[in-house]
Amino acid sequence: MKVNFLIVGCGFTGATFAERIATQLNKKVLVVEKRNHIGGNAYDCYNEHGILIHKYGPHIFRTSSPKISSYLTSFCSWRPYFHKVLALVDGSLVPVPFNLNSVNQVFPKNYAAKLEDELIDKIGFNKTITIHKLFESKSPLLQELANYIFEKVYLHYTKKQWGLNPDQLSPSVIGRVPVRVNRDDRYFDDWFQAMPTQGYTVLFEKMLNHPNIHILLNTDYKEIVKESTYDQMIYTGPIDEFFDFCHGPLPYRSLEFEYMTLEEEYVQPVAVINYPNNFEYTRVSEFKHISGQKHSKTTLAYEYPKEYVIGKNIPYYPVLNDETKERFRKYEKEAEKISQKVIFAGRLADYQYYNMAQAVGRALRLFETRIMNG
Ligand SMILES: Cc1cc2nc3c(=O)[nH]c(=O)nc-3n(C[C@H](O)[C@H](O)[C@H](O)COP(=O)(O)OP(=O)(O)OC[C@H]3O[C@@H](n4cnc5c(N)ncnc54)[C@H](O)[C@@H]3O)c2cc1C
């Protein structure tokens with residue numbers, strides 16, 4: 001087959017490139033996807049009970065970028081959705097990220113009032129601080145609070161999630177844990193928080209519905225690359241695999257999802273409950289809270305972190321630390337040598353934790369800099 005662009009992978013990165021190239025440049029694109037569906041990890045589908053589920057874990061869309069939100073809202077309608085997460089701590093379900101409501105739930109009234117005054121006085125009302133900054137505080141009360149949150153909400157969750165101690169991970173992973181000096185129970189603070197009304201797969205269908213875009217599912221690009229004629233490749237798969245692991249494999253953490261459907265309308269008060277200290281699973285998600293779907297039954301997903309084994313399970317989260325970043329840089333140098341022919345982008349090719357909006361944003365940026373004006 002002869003095309004202008006061969007795109008490997010049909011997640012948000014691949015689909016954004018395909019849509020832009022087809023509509024803005026009127027060029028032909030072949031998207032090759034090894035799974036049997038479009039959408040990458042954001043893929044959703046109806047299960048045997050007719051409930052919309054996310055096959056690769058709950059995916060909540062949010063962004064503070066007007067460019068990204070207006071790009072994606074041009075394809076379908078969106079339903080405002082403010083994600084909330086509770087964590088089981090000392091027998092009660094408390095809002096996370098930890099905020100003033102959480103403080104009042106876990107501590108006795110008088111002590112909670114003291115902590116609240118200290119947080120407002122030392123950090124400021126409506127401010128957000130990372131757990132690490134809280135540790136560095138000179139106030140003994142705030143240090144105690146940091147210890148409590150670290151131990152009860154963070155330490156064991158991190159060990160379960162990553163199979164590592166927090167100090168074995170990059171500060172970029174650790175730094176993501178905020179503490180909020182307000183009563184805002186929403187998990188995210190981006191101004192655009194919404195879900196595609198008919199789900200992600202319909203959004204992808206709309207993005208990819210163009211005569212210039214041809215999609216080949218159930219196909220590893222290696223099976224067709226030698227017979228394909230193309231000017232440029234956009235590769236969104238794992239970068240180490242592209243270079244036959246010549247600098248060694250890049251480590252990932254994998255997950256396993258166990259689904260359960262119950263004859264009840266709702267089981268949980270919110271979409272996600274974290275279990276930092278109990279059970280083998282890290283969290284339980286109830287999809288109907290996220291989709292807004294009305295149904296007499298409900299489906300839950302139990303999430304078990306697993307060791308990643310190449311070829312056996314799915315690479316979900318890059319394990320970022322100094323050593324793995326250094327290994328990635330070696331692959332980046334290999335990529336630079338072939339940059340005229342291949343563009344590497346996406347969470348697997350960039351070996352980065354991108355949320356969906358970041359994946360779209362990077363694809364839009366690279367389309368402009370490397371393809372339109374390249
Ligand atoms: C458990 C979990 C929960 C998440 N929750 C959220 C959330 O709530 N909100 C949010 O914004 N983001 C979330 N994310 C991140 C989100 O999944 C990513 O931002 C998004 O998937 C990135 O898109 P991508 O196209 O770069 O990668 P992917 O979606 O992974 O797409 C890459 C595609 O390439 C294909 N591929 C790989 N190798 C080959 C090959 N050799 N040949 C052919 N095809 C190949 C893969 O099969 C895959 O479909 C979550 C991620 C995980 C793991």
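Keep in mind it's a predicted model, so treat the numbers as computed, not measured. Ligands are counted one by one from 1 in listed order, and the atoms in each one are counted from 1 as well.
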Return the residue, atom name and 0.1 Å-rounded distance of the protein heavy atom closest to [atom].
atom                    : answer
atom 43 (C) of ligand 1 : K34 N, 3.3 Å
atom 28 (P) of ligand 1 : R347 NE, 3.7 Å
atom 49 (O) of ligand 1 : E33 OE1, 2.8 Å
atom 8 (O) of ligand 1  : I60 N, 2.7 Å
atom 41 (N) of ligand 1 : D220 OD1, 3.1 Å
atom 12 (N) of ligand 1 : M356 N, 3.3 Å
atom 2 (C) of ligand 1  : Y317 OH, 3.3 Å
atom 24 (P) of ligand 1 : T13 OG1, 3.4 Å

State whether a side-chain donor-acceptor pair under 3.5 Å links [X] with [Y].
X    : Y    : value
N313 : E256 : no
T197 : S77  : yes
E151 : H156 : yes
R35  : N41  : yes
Y252 : D240 : no
E144 : Y111 : yes
S92  : Q105 : no

Next item on the list: Quick one: sort the F257 and Y259 rings into parallel, tilted or perpendicular, breaks at 30° and 60°.
Entry: tilted
Margin query: Do the side chains of K330 and E326 get close enough for a salt bridge, i.e. N-O under 4.0 angstrom?
Written below: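 Salt bridge between K330 and E326, a charged N being under 4.0 Å from a carboxylate O: no.
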Heteroatom proximity flag, [X] to ligand 1, N/O under 3.5 Å:
X    : value
N41  : yes
N355 : yes
C10  : no
P58  : yes
Y354 : yes
A359 : no
F12  : yes
H59  : yes
R283 : no

Notebook entry, point to check: Has A15 got any heavy atom lying under 4.0 angstrom from an atom of ligand 1?
Noted result: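 False for this residue.
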Check: Is T219 in contact with ligand 1, taking contact as a heavy-atom separation below 4.0 Å?
Finding: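 Judged by the 4.0 Å heavy-atom criterion, T219 does count as contacting ligand 1.
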Please could you name the atoms of ligand 1 that [X] approaches to less than 4.0 Å, counting only its heavy atoms?
X    : answer
R62  : 9 (N), 10 (C), 11 (O)
G237 : 37 (C), 38 (N)
Y221 : 40 (C), 41 (N), 42 (N), 43 (C)
Y353 : 13 (C), 14 (N), 50 (C)
Y56  : 1 (C), 2 (C)
L255 : 1 (C)
G9   : 33 (C), 34 (O), 35 (C), 44 (N)
T236 : 32 (C), 34 (O)

Taking the six-membered ring of [Y] as reference, does the cationic atom of [X] (NZ for Lys, CZ for Arg) lie under 6.0 Å from its centre and within 45° of its axis?
X    : Y    : value
K325 : Y351 : no
K288 : Y266 : yes
R186 : F82  : yes

Next item on the list: Report the hydrophobic cluster partners of Y157, with the cluster defined as I, L, V, M, F, W, Y residues connected by side-chain heavy atoms closer than 4.5 angstrom, directly or transitively.
Entry: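 Direct or chained contacts put Y157 with none.
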Item checked: Evaluation steps, side-chain contact (heavy atoms from CB on, under 4.5 Å), between V181 and I120 -> CA-CA 7 Å; V181 189; I120 293 168; 3.9 Å; yes
Result block: side-chain N/O donor-acceptor pairs under 3.5 angstrom for residues 187-196, not counting sequence neighbours:
from: D190; atom 1: OD2; to: S64; atom 2: N; distance (Å): 3.4
from: D190; atom 1: OD2; to: S64; atom 2: OG; distance (Å): 2.9
from: W191; atom 1: NE1; to: S64; atom 2: O; distance (Å): 3.0
from: Q193; atom 1: NE2; to: F188; atom 2: O; distance (Å): 3.0
from: Q193; atom 1: NE2; to: D190; atom 2: O; distance (Å): 2.9

Next item on the list: Decide yes or no for Y302 and Y275: does some side-chain heavy atom of the first lie under 4.5 Å from some side-chain heavy atom of the second?
Entry: no
